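Data block below; observations after.
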Amino acid sequence: MCAAPSHSVIETLQGLYALVRESEREIAASLGLNLTDYRAFSVLAQFGPMTAGKLAQELGSTAATTTAITNRLEFHGHAIRERNLVNRRQVLVSAAPASSQKILDLISPLATAIDGYLQELAPDQRVGITSFLGVAQELMRDHLQTVSQKEAL
């Protein structure tokens, strides 16, 4: 009897993952980017300025691939390269503010709607949802690491 609710949660999560991927494709397309470039842009927008080497590490890509991605992002006005003010030998790459704002404009209606829904829930329900999502995130991180290690073999 316990299998049905768990199976339903897994199906719901799979549907959510599919919608996230589709949303990612649509947002990338609205910026004129392919998914690889959009994911790099997302890392820059989320974590702030970083070196190309750090971006390559975050993306799990080579330096040459990351340089090509950064070149395309910069060419289309989605990324900015600037010398590090502390270490002038270093060049930092950051997300262009206008592009970051465009993404915020696209996702904020959904974030507002979700927040509105959550505010209608009892505090203990919000805690339960937050807890579940945190655990799911950790499990996904662990699984991703396992999958990545298998691919490296």
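Bear in mind that the values here come from a model prediction, so they are computed numbers and not experimental data. Atoms considered below: every heavy atom in the structure, side chains included; atoms not considered: hydrogens, waters and symmetry mates.
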I'd like to know if [Y] and [X] are part of one continuous hydrophobic network [Ile/Leu/Val/Met/Phe/Trp/Tyr, side-chain heavy atoms within less than 4.5 Å].
X: L144; Y: V135; answer: no
X: Y17; Y: L110; answer: yes
X: V127; Y: I114; answer: no
X: Y117; Y: I107; answer: no

Side chains of [X] and [Y] in contact at under 4.5 Å (non-hydrogen atoms):
X: F47; Y: L55; value: no
X: M50; Y: V43; value: yes
X: I69; Y: L59; value: yes
X: S61; Y: T66; value: yes
X: L92; Y: I80; value: no

Looking at [atom1] of [X] and [atom2] of [Y], how far apart are the two atoms once the value is rounded to the nearest 0.5 Å?
X: T51; Y: Q90; atom1: OG1; atom2: CD; value: 6.0 Å
X: S94; Y: E74; atom1: OG; atom2: CD; value: 9.5 Å
X: L133; Y: M140; atom1: CG; atom2: CE; value: 10.5 Å
X: S8; Y: L13; atom1: OG; atom2: CG; value: 9.5 Å
X: L106; Y: Q101; atom1: CG; atom2: CD; value: 10.0 Å
X: L44; Y: H78; atom1: CG; atom2: NE2; value: 12.0 Å

Heavy-atom pair with the smallest gap, counting every atom of [X] and [Y]:
X: G77; Y: A96; value: O-CB, 3.2 Å
X: I103; Y: F41; value: CD1-CE2, 3.0 Å
X: L33; Y: D37; value: CD2-CB, 4.1 Å

(message) If we ignore hydrogens and angles and just use 3.5 Å, is the side chain of S30 paired with the main-chain N or O of I27 as donor and acceptor?
(response)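 Yes, the answer is positive, given that a donor and an acceptor are paired below the 3.5 Å cut-off.
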
(request) Without swapping roles, check the side chain of R126 against the backbone of L121 for a donor-acceptor pair under 3.5 Å. (result)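 Yes; at least one donor-acceptor contact below 3.5 Å.
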
(request) Before giving the answer on side chain to side chain contact (heavy atoms under 4.5 Å, CB included), spell out for R72 and N34 the whole-Å C-alpha distance, their side-chain angles and the decisive distance to 0.1 Å. (result) CA-CA 10 Å; R72 289 191 301 269; N34 63 46; 4.2 Å; yes

(message) Side chains of R81 and N71: any donor to acceptor distance under 3.5 Å?
(response)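 Short answer, yes.
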
(message) Under a plain distance cut-off of 3.5 Å, with no hydrogens placed, do T67 and T70 share a side-chain donor-acceptor pair?
(response)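 Side-chain D/A pair, T70 to T67: absent.
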
(message) Salt bridge check, R141 against E138: does any charged N sit closer than 4.0 Å to a carboxylate O?
(response)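 A salt bridge links E138 with R141.
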
(request) Quick one: do I129 and L118 satisfy side chain to side chain contact (heavy atoms under 4.5 Å, CB included)? Show the steps, please. (result) CA-CA 9 Å; I129 290 169; L118 290 172; 4.1 Å; yes

